[in-house]
There are 2 protein chains.
Amino acid sequence: MKRRQTHSTQEILELLKAENQAMNHEMIQSKLDSQVNRATIYRVLNRFCEDGIVHKIVGDDGKQYFAFCLNCTQKTHNHNHFHFRCTQCGKVECLEKEASISLPEGYVLENFNGLISGTCNDCT
Amino acid sequence: MKRRQTHSTQEILELLKAENQAMNHEMIQSKLDSQVNRATIYRVLNRFCEDGIVHKIVGDDGKQYFAFCLNCTQKTHNHNHFHFRCTQCGKVECLEKEASISLPEGYVLENFNGLISGTCNDCT
DNA sequence: TTTTTAATGCGACATTGTTGCAATAATATA
DNA sequence: TATATTATTGCAACAATGTCGCATTAAAAA
Ligand SMILES: [Mn+2]
Ligand SMILES: [Mn+2]
Ligand SMILES: [Zn+2]
Ligand SMILES: [Zn+2]
């Protein structure tokens, strides 16, 4: 099943590249020039995640955020970094530093979801 | 506004103490002996959080989990620990080790929400 | 016991995200 | 270029999660 490039996919990907932050569906929809259906946005984003060009974070607000992968190659995905969500301006950014976690014996990590909320530098 | 002890509050608190894990609304409701309304469960849990006897974690499944506070005093709350959610059995447990995170200049932490999902020791 | 009011049950509601299905359009093929 | 194939879309319906208003109930105080 090969992917097709559509107006929606291109626009959404460009948006995620341009804005240097993780965005939820609402943010994306309001920033899009053309009207793209809600279900389509979710489907596009989930496809991006499957393809490994975008990673998903679930915020402590319960919403899904999507961010363009920066330091990921086709094969190696390192998303063991925290994200900071500003409760004032809503911005969600990837924090640079890789978090190192050691799990107890016999535990296998599948997904790392580190999120810190608070006030960002702009809003202090 | 003083708190009142009701059957609901007592049962829910005992349940959270007994089960040594974080539970979401569904888990709690199915384990309760008496029928407690859904809205009531949420209200009780949120009150517990306000009172600092329970802490809330948002899972990467988007659900709210609640855990009885163990190493917290009335005044000091340290919830900078990760939680592990097993995708097989659903268990959500607090990991012992405190995670130390350093935020960039000007960033103020309000809430730490560290969650790792994967397979737990029992399910490997 | 009576009074006060915190807590509950119920229903309605908002929000978030997913899915089935017919229509559309991107790509492959002729 | 014209046609065929099928991935993608829009729409509606749906499920799940969590919150809120309001009348009723019951815990604690008087
Ligand atoms: Mn990230
Ligand atoms: Mn915990
Ligand atoms: Zn901010
Ligand atoms: Zn398990």
Rounded to whole Å, the CG-C1' distance (Asp51(A) to dA7(D)) equals 13 Å
Practice item. Under 4.0 Å between any heavy atoms, over every strand shown, what does Arg43(A) touch: base, sugar-phosphate, or nothing? Just pick one. Key: base
Just to confirm, is there a sub-4.0 Å distance from OP1 or OP2 of dT8(C) to any side-chain nitrogen or oxygen of Arg47(B)?
-> yes
- Ring-ring centroid check Phe66(A) Phe48(A), cutoff 6.0 Å: no
> What is the nucleic acid contact for Glu26(A), judged by heavy atoms within less than 4.0 Å: base, sugar-phosphate only, or nothing?
Replying inline: nothing
Between Lys31(B) and the options Glu19(B), Glu14(B), Glu26(B), the salt bridge (charged side-chain N to carboxylate O under 4.0 Å, His left out) test singles out Glu19(B)
* Asked: Does Thr6(A) make a side-chain N or O approach to OP1 or OP2 of dT8(D) shorter than 4.0 Å?
  -> no
Exercise for the section: Describe the nucleic acid contact of Asn46(B) in one word from base, sugar-phosphate, nothing, applying a heavy-atom distance below 4.0 Å. Expected result: sugar-phosphate
ask   = Does dT19(D) have OP1 or OP2 sitting under 4.0 Å from an N or O in the side chain of Tyr42(B)?
value = no
The answer to which of Gly62(B) and Val44(A) contacts DNA chain D further toward the 5' end, by nearest nucleotide, is Val44(A)
_Under 3.5 Å donor-acceptor pair, Arg38(B) side-chain atoms to dG18(D) base atoms_ = yes
Worksheet item: Are Tyr65(A) and Phe84(A) near enough that their ring centres are under 6.0 Å apart?
Response: no
With a 4.0 Å limit, can you tell me whether Thr40(A) has a side-chain N or O closer than that to the phosphate oxygens OP1/OP2 of dG10(D)?
yes
